[in-house]
Amino acid sequence: MGMGRGARLLGFCLWLWLPRLRVQGPRPAQPEQVHLSYPGDPSSMVVTWTTFDPAESLVLFGQAPGKALPHKASGNATRFVDGGSLGRAMFIHRVTLRGLLPGQSYVYRCGSPWGWSQRYGFRALQNGSSWSPRFALFGDMGLENPQSLSRLQRETQQGWYDAVLHIGDFAYDLDSDNALVGDAFMRKIEAVAAFVPYMTCPGNHEEKYNFSNYRSRFSMPGDTESLWYSWDVGPAHLITFSTEVYFFLDYGEQLVAKQFQWLERDLQEANQPARRGERPWIITMGHRPMYCSNNDKDDCTQYESIVRKGLKPNRYGLEDLFFKYGVDLMLWAHEHSYERLWPVYNYKVYNGSTAAPYTNPSTPVHIITGSAGCKEQLDPFIPDPREWSAVRIEDYGYARMQIVNMTHLWLEQVSDDQNGKVVDKIWLIKDRHGPRAWH
Ligand SMILES: *[C@@H]1O[C@H](CO)[C@@H](O)[C@H](O)[C@H]1NC(C)=O
Ligand SMILES: *[C@@H]1O[C@H](CO)[C@@H](O)[C@H](O)[C@H]1NC(C)=O
Ligand SMILES: *[C@@H]1O[C@H](CO)[C@@H](O)[C@H](O)[C@H]1NC(C)=O
Ligand SMILES: *[C@@H]1O[C@H](CO)[C@@H](O)[C@H](O)[C@H]1NC(C)=O
Ligand SMILES: *[C@@H]1O[C@H](CO)[C@@H](O)[C@H](O)[C@H]1NC(C)=O
């Protein structure tokens, strides 16, 4: 005996209706573009990610290699609308993990009941100043042609680094193609940035819509939307700033003064005897260098570079400021090459000695490493550099830095063109730090 026609019709209607019931719940919101940043406290870490639908902001975490993730932290999402013609919207989620044990390894996943990420892991930074933090640093890495990324991924996941410093110019560009390039780039660097704090500063490629893709997607410490900030790590105080405030004055010339005043106050505080005694190294990171010997007519090729000397006439120049407060080392990018300078101030070389130029130099040291790879390829050099230029390498690559202790800092440059070979290295040795080291 078959089913009655009425029952069959009812079954058919149920069949039509049930799938619609299933999509009545919240839309799935799969986390992507997961990255970490260090908020300046070794018991904390910030997790940032993107969803395209609204969702809660949760992170489940626990100590590695535990199977369970017993801790839960919650945070907030902000809705970000790109300035492009499509006005694409996305939700940027931020959660601060607290109560971490310094130096310990953790696993985590982020998301919400509407979608969880896979598991990632990181090591909380160590506490205090007597340890030797290790960094990878580079600038100018794009979605296309990111030559250094696979090597950085492998080394990061092998635990080589405590933090990564990306010294401006991302994706080429974060806003391109209605910010789809930014999304794809942020997905791509997840292989590094979900495992180690990925610390950033803005470069000229972030300029569109008043740096809004940069300001919205990253989560650096402080309250300036990742534009300028500082943090302590081991025996060092790291200061990050925007060189771009000097060049895009339409977004607010007052930002030049505001940042400069912040820089001076931060440098004064870092130079208080108790603080400088504990963290003697002061290291700056900014995108456009003061000096370079590339042949592209950039600011650093000008005798009176704006970053170096400030806005005309002589306002907010950074070389004098950094000299005055005894900055030890300045890290730069922007030029798609590697260049190391002899210790230099106002175009004059002040070697520690001819035999050991970087042992107790009388001025700051500059390193430019901006060739992690992008679609604009490499920047060539002029044939005859000035006497302050020590080493120039036109290869794709990135630098490694270890702040070994209060007196010794190691820097080396890796070449991707030469299969990961270390192509330059120095010990920067300082028995004295601060302005009193300049003699
Ligand atoms: C870090 O060290 C300081 C000084 O010893 C101590 O007060 C602080 O509680 C430590 N922080 C953590 C997270 O262990
Ligand atoms: C969410 O953001 C608001 C405003 O910024 C803040 O007051 C609140 O504490 C945040 N909530 C969480 C869970 O972080
Ligand atoms: C650009 O962004 C900065 C930082 O958020 C802000 O202070 C400034 O007012 C903005 N400028 C314009 C023209 O919107
Ligand atoms: C600085 O030291 C280097 C390396 O010894 C040397 O080649 C260079 O000429 C020195 N520069 C000056 C101005 O003494
Ligand atoms: C600092 O590190 C250097 C290089 O490893 C080492 O020679 C020196 O003895 C260390 N100094 C102290 C005080 O440990």
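For ligands, and for the atoms within them, numbers begin at 1 and follow the listed sequence.
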For this session: Examine the proximity of ligand 3 to Leu255 and report which part, side chain or backbone, both or neither, has a heavy atom under 4.0 Å away.
Result: side chain

Exercise. Are Tyr214 and Thr200 linked by a side-chain donor-acceptor pair shorter than 3.5 Å?
Worked result: yes

Problem set entry | Test item: side-chain donor near acceptor, Tyr161 and Glu155, under 3.5 Å | yes

For this session: Only one of Asp183, Asp82, Asp175 passes salt bridge (Lys or Arg N to Asp or Glu O under 4.0 Å) with Arg217; say which it is.
Result: Asp183

Exercise. Is Asp41 in polar range of ligand 1, meaning some N or O pair under 3.5 Å apart?
Worked result: no

What residue and atom, counting heavy atoms only, is the protein's closest point to [atom], and at what distance?
{"atom": "atom 5 (O) of ligand 3", "answer": "Glu225 OE1, 2.8 Å"}
{"atom": "atom 8 (C) of ligand 3", "answer": "Tyr251 O, 3.6 Å"}
{"atom": "atom 10 (C) of ligand 3", "answer": "Asn210 ND2, 2.4 Å"}

Seminar exercise, completed: Nearest non-hydrogen contact to atom 7 (O) of ligand 4 from the set Trp388, Tyr358, Tyr350, Trp342 belongs to Trp342

For this session: Just go through Thr354, Val349, Val344 and tell me whose heavy atom is the nearest to atom 13 (C) of ligand 4.
Result: Val349

For this session: May I ask you to identify, for Pro42, whether its side chain, its backbone, both or neither come under 4.0 Å of ligand 1 on a heavy-atom basis?
Result: neither

Problem set entry | Within-cut-off N or O pair, Asn351 and ligand 4, under 3.5 Å | yes

Exercise. When the ring planes of Tyr347 and Tyr291 are compared, do they come out parallel, tilted or perpendicular, using 30° and 60° as the limits?
Worked result: perpendicular

Exercise. Ligand 3 and Gln254, any nitrogen or oxygen pair closer than 3.5 angstrom?
Worked result: no

For this session: Identify whether NZ of Lys or CZ of Arg in Lys348 sits under 6.0 Å from the centre of the six-membered ring of Tyr350 and within 45° of that ring's axis.
Result: yes

